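In what follows, a structure is listed as structure tokens, so that the remarks can point back to it.
None of these values were measured; they are calculated from a predicted model. In each ligand, atom 1 is the first atom listed, and ligand 1 is the first ligand listed. Side chains included, hydrogens not; waters and symmetry mates left out as well; all remaining heavy atoms used.
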Amino acid sequence: MSKNFRAKVINNFALNPRTFLLEIEPIEETIAPKPGQFYMIQPDSSYDPLLKRPFSYIRKSNGKIQFLCAIKGKGTRLMMNFHSNKIISMLGPFGNGYPIFKSNHISLLIAGGTGIASILSLSNEVQNKYLIYGARTRDELLLLDKIEELGDRFIVCTNDCSYGKKGMVDELLKDFISSHKDNINSIIIYACGPLPMLKAISKISAENNIKGFASLEENMACGFGACLGCAVKTKQGYQRVCKEGPVFPFKEIIW
Ligand SMILES: Cc1cc2nc3c(=O)[nH]c(=O)nc-3n(C[C@H](O)[C@H](O)[C@H](O)COP(=O)(O)OP(=O)(O)OC[C@H]3O[C@@H](n4cnc5c(N)ncnc54)[C@H](O)[C@@H]3O)c2cc1C
Ligand code: FES
């Protein structure tokens, strides 16, 4: 089955002035995605910009796939204006996705900013979980309605204390570890967000001997392993985020 397919835009609306939620429905047969995988979306049929843009999916249900997109440049500005019923060109799903373990453990999901999209794709699939989510302000916390059902297993923070606890996710992670000293060996961390956040979390997990995985959202070009534009330094040498990643064990990445 080809990973190249056309899709119809079902919904596309702003969540705040810088972010929108896009829902599409493939009109050709597609491969089912795994949590943490991503799709390449063509921003415009005029092929300017030429390259498709990578986005983690949030969920696939009833044949529809949702994406959370932050406006960064020309591609995402064009995508923001996708109207309902528009036919767009896509590729995917790509990447390795998050490893899911059968053993009885606590999945500690950690998201910063739009990293929540990738983390939610996993949250839908794992059972014994907690979710730590941080943003600079209340306005930047997105999709809360999809998370609050976690109740007291959902821990949220903002830098300016406009919602949840004050601080950053790495501070909440330290608190979480302190309050789970007795079952620390059963924690597995899954994180997606800005690179400094991932780096801080990786350091804390190493200090506490906790296994963890980071989904990297590097700049990309081709998206399927051909150009090396997304390579990152790991203990195995340079690896392509789009092909060997985007999910890597913390301990493999040279930060
Ligand atoms: C595997 C993967 C999953 C992703 N998932 C999501 C997602 O779920 N939601 C989301 O909003 N974004 C996600 N991104 C990032 C998204 O792909 C980029 O923001 C988008 O391609 C920017 O396109 P643009 O044409 O608007 O910006 P461009 O015109 O291409 O770039 C504008 C500016 O943004 C910078 N930029 C572009 N891409 C990135 C990037 N990946 N990281 C940091 N800076 C960048 C450029 O250097 C430039 O300064 C993901 C990226 C990857 C690799
Ligand atoms: S973007 Fe081309 S190899 Fe990854």
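- Here Ala226 has backbone heavy atoms under 4.0 Å from ligand 2, and that is the only part of it that gets that close.
- Residue-level proximity to ligand 2 for Leu228 is carried by the backbone, the only part with a heavy atom below 4.0 angstrom.
- Between Phe94 and Tyr39, the distance separating the two ring centers is not shorter than 6.0 angstrom.
- In this structure, atom 8 (O) of ligand 1 lies nearest to the protein heavy atom Ser56 N, 3.3 Å.
- Under the 4.0 angstrom criterion, atom 18 (C) of ligand 1 counts as lacking any protein heavy-atom contact.
- Atoms of ligand 1 found under 4.0 Å from any heavy atom of Ala117, numbered from 1 in the order shown, are 8 (O).
- Phe101 and His105 have perpendicular rings, their planes meeting at more than 60° on a 0 to 90° scale where under 30° would count as parallel.
- Tyr98 and Ser118 form a side-chain donor-acceptor contact under 3.5 Å, judged by distance and modelled atom types alone.
- Using a 4.0 Å threshold on non-hydrogen atoms, atom 14 (N) of ligand 1 counts as touching the protein.
- Atom 29 (O) of ligand 1 lies below 4.0 Å from at least one non-hydrogen atom of the protein.
- In this structure, atom 31 (O) of ligand 1 lies nearest to the protein heavy atom Gly73 CA, 4.5 Å.
- The protein non-hydrogen atom at the shortest distance from atom 22 (C) of ligand 1 is Lys72 CB, 3.9 Å.
- Close N/O approach between Met220 and ligand 1 is not found [any backbone or side-chain N/O within under 3.5 Å].
- Among the atoms of Cys242, an N, O or S atom is found under 2.8 Å from atom 4 (Fe) of ligand 2.
- Distances between N or O atoms of Leu68 and those of ligand 1 include at least one value under 3.5 Å.
- In terms of protein heavy atoms, atom 36 (N) of ligand 1 is closest to Asn219 OD1, 3.1 Å.
- Linking Ile, Leu, Val, Met, Phe, Trp and Tyr residues whenever their side-chain heavy atoms come within less than 4.5 Å leaves Phe82 and Ile10 in two separate clusters.
- Ligand 1 has no N or O atom lying under 3.5 Å from any N or O atom of Phe55, backbone or side chain.
- Residue Pro54 places at least one N or O, backbone or side chain, under 3.5 Å from an N or O of ligand 1.
- Nearest to atom 4 (Fe) of ligand 2 by heavy-atom distance, out of Gly225, Ala231, Cys230, is Cys230.
- Atom 4 (Fe) of ligand 2 does not have Cys227 among its coordinating residues (no N/O/S atom, backbone or side chain, under 2.8 Å).
- Shown in contact with Gly223 at under 4.0 Å from a heavy atom are these atoms of ligand 2, numbered in order with element: 1 (S), 2 (Fe).
- Of the protein's non-hydrogen atoms, the one nearest atom 53 (C) of ligand 1 is Glu218 O, 2.9 Å.
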